[in-house]
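All remarks here apply to the structure that follows.
What you see below is based on every heavy atom in this structure, not just the backbone, and it leaves out hydrogens, waters and symmetry mates. Chain naming here is simple, since letters A, B, ... match the order of the sequence lines and numbering starts at 1 in each.
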Amino acid sequence: MMVSGLSTRLLNICIASYCKSRLLERAEAVIIDGIRLGVIPDVVTYNTLLNAYSRFVSLDSAYSVVHRMKEAGISPDVITYNSLLSGATRNCLLSQSLDLFEEMLQAGIHPNVWSYNILMHCFFKLGKPDEANRVFQDILLRNLTPHPATFNIMINGLCKNEYIDNALMLFRNLQRHGFVPRLVTYNILIHGLCKARRLGQARKMLKELGESGYEPNAITYTTVMKCCFRFKQYDEALEIMSEMKSKGYTFDGFANCTVVAALVKTGRIEEANACMEQTMRNGIELDLAAYNTLLNMYCREGKFEAAYKLMDEIENGGLQCDKYTHTIIIDGLCKAGNIIGAEQHLQYMKMIGFRENLVAFNCMIDGLCKAGQIDRAMDLYKSMETKDSFTYTSLVHNLCKAGRFRCASKLMMKCLRDGKKILKATQRAVLDGLRSTGYTDEARKLRWKIQVARILR
DNA sequence: CTAGGGTTAG
């Protein structure tokens, strides 16, 4: 008996090692060999395997491990459920996460702090900070010892749901109670402050990070750099990039993406090219986001042959083009004046299952408008299930440019009813247009609606 | 096991 127990432990160490290196076939082979030699896999074996499948393969494959373990007569435990929960939450299958949590309770398994952590994260992702907060209070009430990550998840969730002030309040409160922030915590807050356009406070937080004895890492640098680009401080951003490199963070794909994308967006293609080449020379493996950045660069250069070739390369390399990929192509074709090509790609995109790609539809609408086909743009608009302020702004602005102010006005009222913001410049274009063409009553009515919408917001 | 990157209107 002793021998068998020991062998299972050895088996688990072996499985863990293979799983860590993503060698799942090897792990499976070891299990089969073990069973042949009389070594019985236990709950730890299956949990290790399940976790690896969930992270590296798919959630479905993780579920099939659960099935296998049940067949082997082993009951799932809290760790099994936590792995599934985190997999579902990571893949944004949030209602599934909630079901799993319920199922765990039904099965009589007591959730631990990690279960609650993941549940909180799930509620934040669902845009339900109140529910997340309830879970947080639950952890404290049940006298479960919160993990430092519990606090970070709270702070991050509050930031992402635009409760930056509450996040800061929680942060300060926790500090008074002896919570020692980690680098992650500072990065979360700096990101939140940057996103809320509160640069002064972001700078202070960066200083505090240093005073706490931490060195900024690649994530800190990327966050601050993106913020500089957003506020058009290009030189400062590039300086941060070189500082980051001088600190030894030379091989960071995220940072390179940020820089290249910003350079492309501002038309500095030469520099973007150089940066991209440097990235590849450094041996950074391109992932889908990096490929999309490169693709956008090709489109802006008008190199559509290269762009199509790159799409094939992506798929041949085992990655799947996503909604970003298709949007970039459609927008690129529109901006290059190839409306027919863009429409073809839009059809293709719909055919392969991207029916809800709002941004791609917006690009097509804008492209059609700019090519003088506003009525076709309106048809496309009518066929869309969801619209946002980009949709309305494009249409309204281009209707004004075509002198169709009353149509623009009607659409803008719809936009306001829909609760979407519209750019000041576009509002003015409609109002001025109505007045100059003699529709002063209509203009007055629209102005009133704009004011009401502003109050109700 | 929580933090950073890639797409659109003016």
Side-chain angles (χ1 to χ4, degrees), chain A residues 51 55 82-83 86 89-90 113-114 117-118 120-121 124-125 146-157 159-160 181-192 194-195 209 216-227 229 244 249 252-262 264-265 279 284 286-297 299-300 321-332 334-335 357-367 369-370 387-398 400-401 415 420-429:
Chain A
N51 197 33
R55 301 185 88 76
N82 284 354
S83 291
S86 88
T89 304
R90 197 173 36 241
V113 185
W114 281 110
N117 284 353
I118 302 163
M120 272 166 46
H121 192 199
F124 276 126
K125 272 196 166 181
H147 189 274
T150 311
F151 302 123
N152 291 331
I153 291 169
M154 259 323 270
I155 294 171
N156 182 46
C159 286
K160 292 280 151 68
R182 300 187 38 205
L183 184 54
V184 204
T185 323
Y186 285 111
N187 284 344
I188 289 168
L189 286 167
I190 291 167
H191 186 237
C194 285
K195 221 183 73 183
L209 176 156
N217 65 4
I219 296 178
T220 325
Y221 281 115
T222 313
T223 306
V224 177
M225 199 162 62
K226 172 119 192 266
C227 183
F229 278 126
M244 177 177 158
Y249 299 108
D252 198 280
F254 278 56
N256 277 299
C257 255
T258 309
V259 174
V260 174
V264 170
K265 198 169 199 163
T279 306
I284 298 176
L286 302 188
D287 60 9
L288 189 55
Y291 275 121
N292 285 338
T293 309
L294 185 58
L295 195 71
N296 197 32
M297 189 168 83
C299 288
R300 289 301 157 96
C321 291
D322 66 355
K323 61 176 182 180
Y324 285 86
T325 321
H326 298 298
T327 308
I328 288 164
I329 290 283
I330 289 164
D331 187 51
C334 282
K335 290 215 162 61
N357 189 348
L358 176 60
V359 183
F361 285 110
N362 285 344
C363 293
M364 195 67 238
I365 283 187
D366 196 59
C369 286
K370 291 206 169 101
K387 293 116 179 164
D388 67 359
S389 61
F390 281 84
T391 327
Y392 288 108
T393 305
S394 261
L395 282 166
V396 171
H397 194 87
N398 281 290
C400 286
K401 267 167 86 177
C415 170
K420 306 280 187 282
K421 277 187 245 180
I422 204 151
L423 289 171
K424 280 265 157 49
T426 309
Q427 294 176 9
R428 206 163 30 240

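Side-chain contact annotation: Asn296(A) with Asp331(A), donor-acceptor N/O pair under 3.5 Å absent.
Phosphate proximity of dA3(B) to Asn156(A): present, with a side-chain N or O under 4.0 Å from OP1 or OP2. In this structure, His397(A) does not reach the dG10(B) phosphate: none of its side-chain N or O atoms is under 4.0 Å from OP1 or OP2. Contact check, Lys226(A) against dG4(B): no side-chain N or O comes under 4.0 Å of OP1 or OP2. For Lys265(A) and dT7(B), the shortest distance from a side-chain N or O to OP1 or OP2 is not below 4.0 Å.
Contact annotation for Thr393(A): base contact, defined as any heavy-atom pair under 4.0 Å involving a base atom. The residue Ala290(A) sits close to a base: some heavy atom pair falls under 4.0 Å. Residue-level contact check: Thr293(A) touches the backbone only, with heavy atoms under 4.0 Å from sugar-phosphate atoms and none from bases.
Partners of Asn398(A) by side-chain hydrogen bond (donor to acceptor under 3.5 Å, both in side chains), not counting sequence neighbours: none found. Legend: residues meeting side-chain hydrogen bond (donor to acceptor under 3.5 Å, both in side chains) with Tyr291(A), ordered by chain and number and at least two apart, are absent.
For Ala289(A), counting side-chain heavy atoms from C-beta on, the closest listed nucleotide (dT8(B), dG5(B), dT2(B)) is dG5(B). Residue Asn187(A) places its side chain closer to dA3(B) than to any other of dT2(B), dA3(B), dG5(B). The Asn217(A) side chain lies nearest to dA3(B) when the options are dG5(B), dG4(B), dA3(B). Here the nucleotide nearest the side chain of Trp114(A), chosen from dC1(B), dG10(B), dT8(B), is dC1(B). Comparing dC1(B), dA9(B), dA3(B) by their closest approach to the side chain of Lys160(A) singles out dA3(B).
For dG4(B), the base has a donor-acceptor partner in the side chain of Thr222(A) [N/O atoms by modelled type, under 3.5 angstrom].
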**Request:** Any chance you could lay out the side chain to side chain donor-acceptor pair (under 3.5 Å) test for Asn357(A) and Thr327(A), step after step, and finish with the verdict?
**Result:** CA-CA 8 Å; Asn357(A) 189 348; Thr327(A) 308; 3.1 Å; yes
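Here dT2(B) presents its C1' atom at 10 Å from NE2 of His147(A), a figure rounded to the nearest Å. In this entry the distance linking CZ of Arg428(A) with P of dG10(B) reads 15 Å, nearest Å. Atom CG of Asp388(A) is separated from atom C1' of dT7(B) by 12 Å (rounded to the nearest Å). Phe124(A) has its CZ atom 16 Å from the P atom of dC1(B), to the nearest Å.
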